[in-house]
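For the single chain, residues carry numbers from 1 onward in sequence order.
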Amino acid sequence: MYPMSGPYVIRGSVSLPEAELMWRFSRSGGPGGQHVNTSDSQVELRFDLAKTEALPPVWKERALDRLAGRLVDGVISVRASEHRSQWRNRETAAVRLAALLAEASAPPPKPRRATRIPRGINERRLREKKQRSDTKRGRDGRGWG
């Protein structure tokens, strides 16, 4: 078995713990021709989000909340079968899981502060609207004959 291509960083110094990743392999329906029938190239990667200690508690809470629809007993699962080789599918699945956890554990965006529209901008908009209106009114053909 090949070593993984390195720690899959979620964000900052936090990465996916290799020991907590559960791999499952099965036959893939993807590319590969007759090769598909003989090799287990589809990869399913599972990660127990509810029990992990690798994520800071705040991130873990956020991720559990945001991924609630995808979790089965606190476990998140990612599949990959795009590539012909199991090795590349493993890489794809791990990167996909890391990206999913990074997005789910990200802090919420800062709320937008309401600001007033400057008076000058509003006046300019109304002035341009009036000019356009006058231009169109001049096209009605009245007074031509």
Practice prompt. Rounded to the nearest 0.5 Å, what's the gap from NE2 on His83 to CZ on Arg90? Could you check?
Written response: 14.0 Å
Item to complete: Could you walk me through whether Leu97 and Phe47 pass the side-chain contact (heavy atoms from CB on, under 4.5 Å) test, one step at a time?
Response: CA-CA 9 Å; Leu97 179 64; Phe47 179 67; 3.7 Å; yes
Item to complete: Side-chain contact test, heavy atoms from C-beta onward, threshold under 4.5 Å: evaluate it for Trp23 versus Leu45 and give yes or no.
Response: yes
Worksheet item: Going by heavy atoms in the side chains, are Val14 and Trp59 under 4.5 Å from each other?
Response: yes
Discussion item. Restricting to non-hydrogen atoms, name the atom on Gly74 and the atom on Asp48 that form the minimum distance, rounded to 0.1 Å.
Written reply: O-OD1, 3.3 Å
Practice prompt. Report yes or no: do Glu44 and Ser77 form a side-chain donor-acceptor pair below 3.5 Å?
Written response: yes
Discussion item. How long is the straight-line distance from CG of Leu100 back to CZ of Arg66, given to the nearest 0.5 Å?
Written reply: 11.5 Å
Worksheet entry | Closest non-hydrogen atom pair between Ser81 and Gln42, with its separation | CB-OE1, 3.7 Å
Fill in: Leu126 atom CG, neighbour heavy-atom count above 12 within 6.0 Å
yes
Response to the item:
Residues Thr52 and Pro17: closest non-hydrogen pair is OG1-CG, 4.4 Å
Worksheet entry | Short side-chain donor-acceptor distance under 3.5 Å, Asn122 and Arg125 | yes
Item to complete: To the nearest 0.5 Å, tell me how far Ser105 OG sits from Asp65 CG.
Response: 12.5 Å
Practice prompt. Could you tell me whether Arg137 and Asp134 have a side-chain N and a carboxylate O separated by less than 4.0 Å?
Written response: yes
Fill in: Donor-acceptor under 3.5 Å (Ser133 side chain, Lys129 main chain)
no
Worksheet item: When rounded to the nearest 0.5 angstrom, what distance separates CD in Glu61 from CG in Leu49?
Response: 9.5 Å
Worksheet item: Do Leu67 and Leu101 come close enough that some side-chain heavy atom pair is under 4.5 Å?
Response: yes
Practice prompt. Compare every heavy atom of Glu82 with every heavy atom of Arg96, then report the nearest pair and how far apart it is.
Written response: NH2-OE1, 2.8 Å
Item to complete: Would you indicate whether Glu20, at its atom CD, is surrounded by more than 12 heavy atoms from other residues, nucleotides or ligands within a distance under 6.0 Å?
Response: yes
Worksheet entry | Check: Pro108 and Arg62 side chains under 4.5 Å, non-hydrogen atoms | yes
Item to complete: Any chance you could measure Glu91, atom CD, to Ser85, atom OG, to the nearest 0.5 Å?
Response: 9.0 Å
Discussion item. For Arg127, is there an ion pair with Glu123 - N to carboxylate O distance below 4.0 angstrom?
Written reply: no
Discussion item. Is the shortest side-chain heavy-atom distance between Arg124 and Pro118 below 4.5 Å?
Written reply: no
Discussion item. Please tell me whether Val95 and Phe25 are part of a single hydrophobic cluster in this structure, the criterion being side-chain heavy atoms less than 4.5 Å apart.
Written reply: yes
Discussion item. Ignoring hydrogens, what is the shortest heavy-atom contact between Ala93 and Val43? Give both atom names and the distance.
Written reply: CB-CG1, 4.1 Å
